[in-house]
Amino acid sequence: MSKEQVKEYFEHLSKAFQAEADAERQSFEAILSKSGVHELVEKGLAWYPLNIVESGFGYGDYPFVVFERTKHKSTPHSWNPGRPARLYSTVDEGEAFGVVDWVRGDQIKVVFFLNEHPDVLDSPRLAIQQQFDNQSIKTAFEAMRVAEGAKNCALAEMRDLLIGLKSPEKPSIHLNPTHDASLNESQQFAIDLILSNQPVCLVHGPPGTGKTTTLVAAARAMVERGERVLVCAPSNAAVDHISKALLDAGLWVLRVGNPLRMSESLEAISTEGRLKAAPEFAVVKECRKRADEYRRMAQQYKRSFGPQERAQRKALNEEARALMKDALKLEKQLYAELFDKAEVVCATPVAAAQSMPEIQRFDVLLMDEAAQALEPLTWIPLLRADRLVLAGDPHQLPPTVKSETAQKLGLSLTLMEKNLQRLPSALLLVQYRMNEAIMSFSNAWFYGGALRADGAVEKAHAGDGFSLEFIDTAGLGWEEQWNESAGSYMNEEEARFLWKRLSIMLEEAWLEAGSSVAMISPYRQQVNCLEDFRINDIAIQPQVQTIDAFQGQERDVIMVSLVRCNAKGEIGFLKDYRRMNVAMTRARRKLVIVGDSATLGNDRFYSALIDHCQQNEAYRSAWEFIDV
């Protein structure tokens, strides 16, 4: 092992991550510098005008203020807990900086790390705007620094395996006959690999193959043998999904992170929910209540008062601080007890660092959706574990990287992609979502034909007997349009056609009542266009969404609008075939893809897809549906 090689690896990774962080900051600050308060309100980055609803002193004895926006209440926003905020007056020069504690409806609570409330509160026309959130970036850089310097420990061993400085030992896998009989052979092998105590192993779970089921079964087996499990995923939605599954499996789960970023159905297992459910928490609430009462009593005294009144005010404030100190001490104790009791802790990578006691360690980290996690963020929770399981599908969408420099430096390449071929891994082989016709092309192109459909779904199909359709719009002249303000493509005629095709399905009455339908597209502006042409009086109302936002979901019927239609044969980011793999693997019973073969056919992937549909009697022309 070479110390210089480790240093070189992390210097390269840090350079790529810094380029991405700089791009994000520059993009954010450019918006702030070029926009007035009204534009920021429209973009969801500011609230104005404001009313002060409540003020006081809270956690850590820091002052807080609850603001309410009095206009633009229907305007969407991107405020969330932990976000840095700037409070300022639009007519005065005063300003103050704080952190968002919570956002509820049209109210927002901001904590100021000062001894007293800021003077700007006395100014008129208050506004609050978002600041660039640098905390997750700092946390990732710190994690990489610690990982680089690790010596003679589990972290150092995992690091050397992950960055290729050490070759893995052949795993000694003992098949366990006590596994749930409903698990297939490949799922059982994956569980046994996880239980083999490999420092690092991977579970490759293509769409519909029961990856979550496998990870939950493995987590339960590890808990049964006395191990503590940390489960992370790059998005709150993914963390929520596996948290629910773990909870349903009967495990004692603690969901860590900002409550407003997680599903309401998980409130009871969040740290806040479990704290409030503890009998001892009533003491914390009583201490805070009494502290507030003492503060209100102290504030009754005016500035011009005598020595006796001054002493009384001081005594009241001291009593309030003492009560808050007692409340904080007890709350920290209860908080630590929650983690000691938890069998499984679930969090995003950043929350795993920022929302847990530093002393908490785990026997194993299950990193779900690892193929969508930027590598620097993956190192954050890894500092707390002795073993690592990377689970996901590198043939789905990669993590988003905005900086071209970061892209060139390889930041979009995840730890899972880097190690799938060299570290012990298990491929889940049986998929339970799609029938054979829907899965066949994706299976051949991305998974080498290794997957097979479970018998329960293998022959299941839509009521018309056709599970796959590629509908060719070539020759109709439905050319794409570029929307300058949105920075995205759309195709109005294609959007109208999708609604026509859905209407025909419903008229033919083979689509059962209660069936679920989604219309998806690679382009955000096409999603807007589909919404504009929505037919409100049809029996089944589909969800309309971008492909990226739909990853991880499924519906009975999926309709895909590919949009691109031009004389040059340009297809833009449709060349990221993993995006199409996401689109093609969401349907349970029918997949409809609409596109222009003249534009798409010059690309090898789309040419192969169209050929596949023609060979399997799944190719149709849009002319069939046009009233001449």
Side-chain angles (χ1 to χ4, degrees), residues 80-82 102 136 180 187 190-191 194 203 205 207-224 227-278 335 337-357 360-373 377-378 380-382 384-385 387-393 396 428 549-554:
N80 54 67
W102 51 251
S136 61
D180 187 336
Q187 289 174 319
I191 294 170
I194 293 172
V203 176
T209 53
K211 174 172 60 69
T212 299
T213 300
T214 304
L215 294 181
V216 169
R220 188 169 54 199
M222 287 185 286
V223 167
E224 287 174 355
E227 294 183 323
R228 302 189 72 234
V229 182
L230 173 62
V231 177
C232 287
S235 70
N236 277 288
V239 177
D240 286 347
H241 176 70
I242 195 167
S243 296
K244 291 175 183 176
L246 290 161
L247 186 64
D248 291 342
L251 293 167
W252 204 100
V253 181
L254 185 63
R255 172 67 168 97
V256 173
N258 291 324
L260 287 180
R261 303 299 297 277
M262 63 181 75
S263 170
E264 289 183 11
S265 64
L266 296 178
E267 182 180 357
I269 66 167
S270 68
T271 49
E272 288 76 8
R274 291 201 180 275
L275 270 176
K276 292 175 182 177
Y335 188 69
E337 290 174 358
L338 286 181
F339 286 92
D340 292 338
K341 187 183 294 186
E343 295 174 331
V344 182
V345 174
C346 299
T348 61
V350 174
Q354 297 177 357
S355 303
M356 287 198 293
Q360 289 297 318
R361 288 201 57 81
F362 299 85
D363 296 286
V364 62
L365 164 64
L366 293 181
M367 189 69 191
D368 196 14
E369 303 296 353
Q372 279 77 55
L377 299 181
T378 306
I380 296 172
L382 192 53
R384 292 180 177 268
R387 302 196 311 277
L388 171 65
V389 178
L390 294 170
D393 181 9
Q396 299 282 296
L428 303 181
F550 205 76
Q551 181 163 269
Q553 302 184 59
E554 59 184 80

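The analysis underlying the following values was restricted to heavy atoms, covering all of them including side chains, and did not include hydrogens, waters or symmetry mates. The residues of the chain are indexed from 1 along the displayed sequence.
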## Note on the structure
Residues at least two apart in sequence or cross-chain that pass side chain to side chain donor-acceptor pair (under 3.5 Å) with Q354, listed by chain then number, are T139
### Task
Not counting sequence neighbours, which residues clear side chain to side chain donor-acceptor pair (under 3.5 Å) with S270? List them please.
none
### Task
Find the distance between CG (L390) and CG (L365) and round it off to the nearest 0.5 Å.
8.0 Å
### Query
In Å and rounded to the nearest 0.5 Å, what is the OG1 to CD1 distance from T213 to I191?
9.5 Å
### Message
Between E369 and K211 (salt bridge meaning N to carboxylate O under 4.0 Å), is one present in this structure?
### Response
yes
### Query
Looking at L428 and G205, what are the two nearest heavy atoms and their distance?
CD1-CA, 4.0 Å
### Non-hydrogen side-chain atoms of N236 and R255 separated by less than 4.5 Å
yes
### Query
Can you find a pair of side-chain heavy atoms, one from R384 and one from M356, that are under 4.5 Å apart?
yes
### Task
Work out which heavy atom in H241 is nearest to a heavy atom in T212; give both atom names and the distance.
NE2-OG1, 3.3 Å
### Message
Strictly distance-based, threshold 3.5 Å: is any side-chain N or O of R361 a donor or acceptor partner for the main-chain N or O of R228?
### Response
no
### Task
Report yes if some heavy atom in the side chain of V344 is under 4.5 Å from a heavy atom in the side chain of R220; otherwise report no.
no
### Task
Measure the shortest side-chain to side-chain distance between M367 and L388 over non-hydrogen atoms and say whether it is less than 4.5 angstrom.
yes
### Query
Below 4.5 Å, heavy atoms only, C-beta onward: do V256 and F339 meet side chain to side chain?
yes
### Task
Over all heavy atoms of both residues, which pair between L366 and L215 is shortest? Give the atoms and the distance, please.
CD1-O, 4.0 Å
### Message
If you count heavy atoms of other groups shown closer than 6.0 angstrom to CD of E267, is the number above 12?
### Response
no
### Query
Within a strict 4.5 Å, meaning less than it, do heavy atoms of the W252 and L338 side chains meet?
yes
### Message
Quick one, S235 with Q372, criterion side-chain contact (heavy atoms from CB on, under 4.5 Å). Give me CA distance, side-chain angles, the key distance, then yes/no.
### Response
CA-CA 9 Å; S235 70; Q372 279 77 55; over 6 Å; no
### Message
Please give me the minimum heavy-atom distance between A219 and L246, naming the atom from each residue.
### Response
CB-CD2, 3.8 Å
### Task
State, yes or no, whether a side-chain contact exists between P234 and L377 at a heavy-atom distance under 4.5 Å.
no
### Summary
Value for CG (L251) from OG (S243), rounded to nearest 0.5 Å, stands at 11.0 Å
#### Entry: Check: M222 and D363 side chains under 4.5 Å, non-hydrogen atoms
no
## Note on the structure
All heavy atoms of A347 vs all of A352, minimum pair found to be CB-N, 3.9 Å
### Interatomic distance, T348 atom OG1 to I380 atom CD1 [nearest 0.5 angstrom]
8.5 Å
### Nearest-0.5 Å distance, SG of residue C346 to CD1 of residue I269
7.0 Å
### Message
Among residues at least two apart in sequence or on other chains, which ones pass side chain to side chain contact (heavy atoms under 4.5 Å, CB included) with E554?
### Response
R433, R588
### Query
Rounded to the nearest 0.5 Å, what separation is found between the CZ atom of R274 and the CD atom of E272?
12.0 Å
